[in-house]
Amino acid sequence: MSTTAPGAPAAPALSHRQVLAILSGLLLGMFLGALDQTIVATAIRTIADDLDGFSLQAWATTAFLITSTISTPLYGKLSDMYGRRPFFITAIVVFVIGSALCGISQSMYELAAWRALQGLGAGGLMSLALTIIADIVPARERARYQAYFMAVFGTSSVLGPVAGGFFAGHETILGLAGWRWIFWINVPLGALALAVVLRNLKLPRRSTRHRIDWPGALALVLCLVPLLIVAEQGREWGWGSTGALACYALSALGLVAFVLAERALGEEALLPLRMFSGRTFVVGSLGSLVLGMGMFGAMAVLPQYLQVVKGSSPTEGGLQMLPLVLGIMSASAFAGRFISRTGRYRPLPIVGTGLMVLALFLFSRVDADTPVWQTMLVMVVMGWGLGGNMQPIILAVQNAADPRAIGVATSSVTFFRQMGGTLGTAVFLSILFSTLGRNVSDAYAGAAGDPEFAAGLQLAGLDQAGLQGVLARAADDTSVVSSLPAVLSHPFKVGFSDSTSLIYLVAAAVMVVGFVIVLFLPGLPLRTAPAGAVQGADAAASPQAAAGAPVVQQRAAADTRATTGAPVPGEPTGRDTGGADLAEQVRAGVEEAKSAQRAVGELAEEAVRREQRLTAAVEHLRDLGLDEGSIEQALGEDATTPHGRHAGLPATPGAQVADPLGAQN
């Protein structure tokens with residue numbers, strides 16, 4: 001149970017300039033984590049070759065995914081208990097230290113270890129940034145600020161391949177291997193982010209007494225680590241191999257242990273099971289899982305299509321994905337304005353998911369001969385889908401969650417999206433490599449009878465055996481295809497694009513499932529006060545503030561309707577909420593009432609403790625020789641007894657505390 005100092009101020013209302021000042025630090029922190037995922041992916045092969053660890057390169061990625069995914073819900077829970085600021089600062093510091101150490105790695109084993117440390121910091125960068133915005137900005141206004149996050153996310157997806165290709169393409173920079181600067185660039189960026197956060201991020205302090213859910217955390221590790229390992233290694237091991245089956249069994253055991261641990265700890269759990277009783281949380285979590293699969297899976301394959309089929313360099317491929325960023329930014333900006341003006345968010349993820357289904361289907365129609373500009377048009381549609389989907393779902397979950405658990409709610413959605421992205425990337429790349437050989441063989445078999453193909457073989461000085469040798473090397477290094485004449489390389493590109501088309505069809509089918517899930521998302525009224533103003537740990541000393549401002553505002557709205565019969569501006573009409581939405585509102589109201597009840601009890605306990613401290617202090621003054629008159633004079637002329645109204649308590653010593661909410665600091 002948390003304890004709240006009576007009279008603690010509510011989270012202050014911030015001006016637009018103050019929010020932007022805080023936002024600058026949050027965006028820099030999130031940019032670090034988002035950029036790292038794409039910049040390393042572009043250069044990992046160069047890094048592995050330099051460290052003589054080509055066969056071990058997957059572990060550097062797996063180590064980062066494991067620690068970042070597992071630490072995400074831990075950051076959410078701990079920040080709910082002890083405050084956001086110290087953990088966001090910790091995440092930045094840990095990430096920067098891990099980045100610096102990655103840059104001095106001398107082997108792939110060292111790199112994997114430091115990438116794991118880096119992931120421990122990355123797990124808090126995005127989820128805590130989104131949570132902090134929820135603390136300081138009302139839900140109705142939050143979407144326009146969250147659009148900045150989507151812009152940063154999209155920009156990093158373009159800058160990452162560009163920067164990764166630039167650094168990896170230089171053998172040395174300032175006398176050191178170029179790929180090392182991929183990690184060292186995070187040090188000045190992290191220092192800047194840390195300076196901005198230390199200067200601008202001022203949040204109310206929290207005083208809490210909580211149990212840390214170590215059993216749940218360990219069980220989560222046991223559940224996720226084997227699952228992530230088999231997701232990364234299953235293609236090489238075989239999905240039905242002994243190692244893969246052992247990972248499945250350990251993961252299932254961890255899941256059972258996690259559920260039992262969370263059930264035993266109740267409200268102290270890392271992920272309280274009661275959260276799954278809310279439809280918004282369930283739909284948001286499942287929707288994020290599916291969204292992550294479609295989004296990260298598509299974005300993992302698209303750069304490879306541009307580089308392998310269209311012959312773009314990593315830098316050119318990154319720039320060619322700019323339309324995706326423009327789509328994300330424009331849709332996010334529209335979503336922010338739409339939510340701010342209408343107070344409604346539900347239509348956005350539905351339309352956004354539908355656009356993603358359409359974009360993935362259109363991607364499946366792209367082949368080796370499709371002009372790049374047509375592919376870029378589809379990127380815009382994909383960007384619109386992402387921009388209208390990700391932030392509204394997070395907003396919906398934050399709005400429906402108990403303000404005291406908004407960190408857990410936000411980090412859980414981020415966690416499920418990361419898990420979906422990891423699984424989607426593993427599954428879609430597995431489809432790519434498992435079908436590529438057959439599709440390439442079929443394409444070459446179809447081209448073998450073409451006279452131009454035979455002329456190309458003679459021009460390259462190759463026979464069929466020599467061509468097969470080149471294609472065998474292309475399985476590990478696709479750049480050898482560019483050395484072939486166009487007529488010989490074209491069938492390989494056809495086979496590659498056929499494999500990517502299958503991936504996009506599967507991704508589209510997955511997103512259809514996501515579309516059905518999102519249809520069940522409730523459309524609840526948006527809170528008009530920041531979550532930080534209504535959290536029990538930071539609430540002002542009144543039941544209404546402890547329960548949350550929306551309760552007061554809804555009561556005022558009801559009074560207005562009863563008096564005038566007119567709807568209240570900004571309040572959803574009966575057409576906006578169905579029976580299921582009403583049930584969700586009732587559940588949220590009960591949770592707010594319980595929060596208020598807990599706050600009142602805590603204030604009463606605190607008042608008793610202060611009364612005891614005052615009594616002890618007065619007794620100490622008596623022991624020092626002061627008489628009653630001197631004590632009353634020292635305490636003030638309003639004190640009828642040495643421990644009277646100054647403590648906010650009855651004048652008679654030992655009287656029952658009737659109104660603890662009157663206590664003063």
Main-chain N/O of Y305 paired to Q307 side chain as donor or acceptor, under 3.5 Å: no
Distance in Å, N389 CG paired with S288 OG, rounded so as to fall on 0.5 Å steps: 8.0 Å
Nearest heavy-atom neighbours spanning G284 and V397: CA-CG2, 4.0 Å
R417 side chain reached by I394 side chain, heavy atoms, under 4.5 Å: yes
Verdict with supporting geometry, Y75 and S411, side-chain contact (heavy atoms from CB on, under 4.5 Å): CA-CA 7 Å; Y75 276 110; S411 64; 5.8 Å; no
Validation row: T67, L117 side chains within 4.5 angstrom (heavy atoms): no
Neighbour count above 12 (heavy atom, 6.0 Å) for M329 CE: no
Shortest non-hydrogen contact between A396 and T280, atoms and distance: O-CG2, 3.4 Å
Least distance between heavy atoms, S251 atom then L227 atom: OG-CB, 3.8 Å
Set of residues satisfying side chain to side chain contact (heavy atoms under 4.5 Å, CB included) with respect to Y248, sequence neighbours excluded: V230, W239, A244, L245
Within-4.5 Å side-chain heavy-atom neighbours: F183 and S105: no
Distance, nearest 0.5 Å, that separates CD1 of I393 from OH of Y345: 10.5 Å
From CA spacing to verdict: side-chain contact (heavy atoms from CB on, under 4.5 Å), T353, L291: CA-CA 8 Å; T353 308; L291 173 66; over 6 Å; no
Exercise: do S68 and Q418 side chains pair donor with acceptor under 3.5 Å: no
Spacing of T131 atom OG1 and L26 atom CG [to the nearest 0.5 Å]: 10.0 Å
Atom pair CG/CG of L28 and L23 - distance to nearest 0.5 Å: 9.5 Å
Min side-chain heavy-atom separation M126-T72 under 4.5 Å: no
Min side-chain heavy-atom separation F415-L220 under 4.5 Å: yes
Residues forming a ring-ring contact (aromatic ring centres under 6.0 Å, His included) with W184, sequence neighbours excluded: W181
Heavy-atom check, side chain of L302 versus side chain of M382, under 4.5 Å: no
L78 CG to R84 CZ distance, which is reported to the nearest 0.5 Å: 11.0 Å
Note, V325 side chain near M379 side chain (heavy atom, < 4.5 Å): no
Minimum-distance pair of heavy atoms, taken over all atoms of S24 and N200: OG-ND2, 4.2 Å
Euclidean distance, L273 CG relative to F258 CZ, rounded to 0.5 Å: 7.5 Å
More than 12 heavy atoms of other groups within 6.0 Å of W179 CH2: yes
Shortest non-hydrogen contact from G124 toward L128: O-CB, 3.0 Å
Identify each donor-acceptor pair in which a side-chain atom of residues 86-103 lies under 3.5 Å from a protein atom, sequence neighbours left out, and give them as a table.
residue: T90; atom: OG1; partner: P86; partner atom: O; Å: 2.7
residue: S99; atom: OG; partner: F95; partner atom: O; Å: 2.8
residue: S99; atom: OG; partner: Q118; partner atom: NE2; Å: 2.8
residue: S99; atom: OG; partner: N186; partner atom: ND2; Å: 3.1

Which atom of M511 lies closest to which atom of V290, heavy atoms considered: SD-O, 3.7 Å
